[in-house]
Amino acid sequence: MTGDDAEELAVEQALALVGGRNQTRGRADDQARDRADDQARHRADDRTGDRMGDQTGNQAGDQMPHNQNPGAPADPHPAPCTTPSPSPALPWDRARAVAARAGRGGPLAVVRLPLDRALGHVLAEPLAALTDLPSFDTSAMDGWAVAGPGPWTYEEGVSLLAGVGGSPAARLPDGTAVRIATGARTPADTTAVIRSEHAHVDEARGLLSTRRPVVTGQDIRPRGQECRSGDELVPAGTVVTPAVLGLAAAAGYDALPAVPRPRVDVLVLGDELLAGGLPHDGLIRDALGPMLGPWLRALGAEVSGPRRLGDDAEALREALTSSDADLIVTTGGTASGPVDHVHPVLAALGAELLVDGVTVRPGHPMLLARFAPDGPHLVGLPGNPLAAVSGLLTLAEPLLAGLAGRPAQDAYRALVHADVPGHPHDTRLVPVVHRAGRAGGRDHVAPLRYNGPAMLRGIAGADGLAVVPAGGVRSGTEVEILDLPWAPATPWTEGCFT
């Protein structure tokens, strides 16, 4: 083993976690330029690094970065590449920017969806109020509507209910009161609403008085208090949540202008994968097929069931040419082994490689391709499970955000309380869990163990990935965090795999 190999092996085995994307960007760009002349030498070391982690759990063929020449003619059963001609791998932040631009490359389609079908879609247009809210003066409390100074006379048995009575023409004379329910229209000339618990009723004299001073307008929601007709309620690009649905209904909408969800096909490659049962005889369970559909749906996509194609170039070609999806996601086959067919099939189909390898660990041999200037895209994920997660967050997430009209994930930084070793040359994405500060300490992130390329145990306990620059980070450093799609549902949780 060479000195470089030993260094890489030590880094892989020691890795704990965390880092910052902003911190990475300038350093990664400089490194990419500085390493342009010796990239081939690093690739040999990089292959060693991606094989580390849990070799018994690898989804075969993706420990090595691809060397396939994208212009080479495809063969249904291509022979292994013997003359490497690698494309330069992009720095991690640059690859993410390319994916984001690709997603925003064309005009967004607009559909009108009934409220009961709009949940989770993105608004294609700003949501403007169709009416004042509230559309008339209403009582904010159960109690008494009064006019003028008290005490007030009232008529026994008369009350105003929400949706009943209280026409605009009804007026309340000075010195009188009427029972009123929350949400009911207040009569014209109403001075205030007195809450039931603050009122005193003298039934013998037919008079109402109050135990507290009366302020004009108290407990009345005036017309237009929340918005006026035409006001923008939420901007275009907002994800339709249950609260947005309620606001839209209150503002008078029966349907919403939305961006259709991107349609995604998932193709699982690899003859060694089992769909059920225990691993045996050199066969392993497919971890990505069950994981990718729900993950992509959490990113706002409509996802078909996974198709398992094995290591069959012709089956892959047929699946790609017959798909009508906006995005095709493949797993495995992106390297340059004897059964890694993704590059030759893409070349045969005339696909344009937008990203052909990324200087990130895990997940180096990920790729992004486009079949035509306005055609569907393909994201090729490595076969190792955590490497595939890296590809999802690096390429698929920003691409789908653009296709769905969603805003890009906001970058933010968090404190890490541990030294985190980094890769010698590349960015590293490491699972982390947020933790609340104790005894006046700051909130921070904790790196998780089990973060090898083939491992999912760490990411299963995580709520984010830390972006660790080449060389690592020191304890007390603020690092950039990528949230997982479900992170807001479980903020600042304690992980069980630290």
Side-chain angles (χ1 to χ4, degrees), residues 21 93 96-135 224-264 294-303 324-327 329 354 368 370 372-377 379 392-412 480-489 491:
R21 184 167 34 187
D93 58 318
R96 244 175 99 78
V98 169
R101 285 196 301 271
R104 299 192 300 266
L108 294 174
V110 181
V111 294
R112 295 196 66 81
L113 296 177
L115 295 186
D116 61 358
R117 291 178 48 206
L119 184 67
H121 287 75
V122 172
L123 289 176
E125 303 167 3
L127 194 68
L130 301 179
T131 182
D132 296 344
L133 285 181
S135 54
Q225 181 186 53
E226 185 170 2
C227 66
R228 289 291 185 181
S229 180
D231 286 352
E232 181 177 311
L233 302 177
V234 289
T238 299
V239 177
V240 179
T241 63
V244 170
L245 287 176
L247 176 61
Y253 284 87
D254 299 315
L256 295 177
V259 180
R261 288 193 183 103
R263 292 169 293 111
V264 180
W295 198 307
L296 291 163
R297 290 185 190 99
L299 296 177
E302 298 279 0
V303 188
D324 62 355
D326 302 299
L327 170 64
V329 175
L354 304 179
L368 171 62
R370 180 171 54 199
D374 57 350
H377 291 81
V379 169
L392 278 175
L393 293 181
T394 302
L395 299 179
E397 186 270 334
L399 177 72
L400 285 171
L403 294 176
R406 292 173 179 251
Q409 183 179 146
D410 289 335
Y412 71 96
E480 190 166 347
I481 303 297
L482 293 177
D483 279 334
L484 299 181
W486 48 87

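For the numbers below, each heavy atom of this structure counts, side chains included, while hydrogens, waters and symmetry mates do not.
- The closest donor-acceptor contact from the side chain of Arg297 to the backbone of Glu302 lies at 3.5 Å or more, if one exists at all.
- Using a 4.5 Å heavy-atom cutoff, the side chains of Val303 and Val329 are not in contact.
- In this structure, Val240 and Leu123 have side chains that are in contact, with non-hydrogen atoms separated by less than 4.5 Å.
- A search for side-chain hydrogen bond (donor to acceptor under 3.5 Å, both in side chains) contacts involving Glu226 returns nothing, not counting sequence neighbours.
- Considering CG of Leu393 and CG of Leu484, their distance stands at 6.5 Å, rounded to 0.5 Å.
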request  = Could you please spell out the steps behind the side-chain contact (heavy atoms from CB on, under 4.5 Å) verdict for Val379 and Leu399?
outcome  = CA-CA 9 Å; Val379 169; Leu399 177 72; 4.1 Å; yes
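- Annotation: side chain to side chain donor-acceptor pair (under 3.5 Å) contacts involving residues 241-251, sequence neighbours excluded, are absent.
- Here Arg370 pairs with Glu352 under the side-chain hydrogen bond (donor to acceptor under 3.5 Å, both in side chains) rule; sequence neighbours left out.
- Evaluation of the side chain to side chain contact (heavy atoms under 4.5 Å, CB included) rule for Ser229 yields Asp132 as partners, not counting sequence neighbours.
- Closest heavy-atom contact between His377 and Ala102: NE2-CB, 3.7 Å.
- A 4.5 Å side-chain heavy-atom check between Val110 and Val259 finds every atom pair outside the cut-off.
- Closest of all the heavy-atom pairs between Thr394 and Pro398 is O-CG, 3.2 Å.
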inquiry  = Is there a side-chain contact (heavy atoms from CB on, under 4.5 Å) between Asp483 and Tyr412? Walk through the geometry before answering.
reply    = CA-CA 9 Å; Asp483 279 334; Tyr412 71 96; 2.6 Å; yes
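- Every salt bridge (Lys or Arg N to Asp or Glu O under 4.0 Å) that Asp326 has, sequence neighbours left out, goes to Arg263.
- By the salt bridge (Lys or Arg N to Asp or Glu O under 4.0 Å) test, Arg406 pairs with no residue at all, sequence neighbours left out.
- The shortest heavy-atom contact between Val239 and Val244 is O-CG2, 3.9 Å.
- Nearest heavy-atom pair across Ala404 and Pro262 is CB-CD, 3.7 Å.
- Taking OG of Ser135 as the reference point, atom CG of Leu130 lies at 12.0 Å (rounded to 0.5 Å).
- Partners of Glu232 according to the side-chain hydrogen bond (donor to acceptor under 3.5 Å, both in side chains) rule, which considers only residues two or more places apart in sequence or in another chain, do not exist here.
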Quick one: side chains of residues 248-256, donor-acceptor pairs under 3.5 Å with protein atoms, not counting sequence neighbours, listed by atom name and distance.
unit_1: Tyr253; atom_1: OH; unit_2: Ala128; atom_2: N; d: 3.3
unit_1: Tyr253; atom_1: OH; unit_2: Ala128; atom_2: O; d: 2.5

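- Using a 4.5 Å heavy-atom threshold, the side chains of Leu482 and Arg96 count as touching.
- Between Pro485 and Leu299, the closest heavy-atom pair is CG-CD2, 3.8 Å.
- Taking Pro260 as the reference, Ala109, Val111 meet the side chain to side chain contact (heavy atoms under 4.5 Å, CB included) condition, with sequence neighbours excluded.
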query = Going through the distances and angles, do Leu392 and Leu296 end up as a side-chain contact (heavy atoms from CB on, under 4.5 Å)?
reply = CA-CA 8 Å; Leu392 278 175; Leu296 291 163; 3.9 Å; yes
message = Apply side-chain contact (heavy atoms from CB on, under 4.5 Å) to residues Leu127 and Thr238 and explain how you reach the verdict.
response = CA-CA 9 Å; Leu127 194 68; Thr238 299; over 6 Å; no
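- Note on residues 98-125: no pairs pass salt bridge (charged side-chain N to carboxylate O under 4.0 Å, His left out), not counting sequence neighbours.
- Screening residues 234-243 for salt bridge (charged side-chain N to carboxylate O under 4.0 Å, His left out), with sequence neighbours left out, gives no hits.
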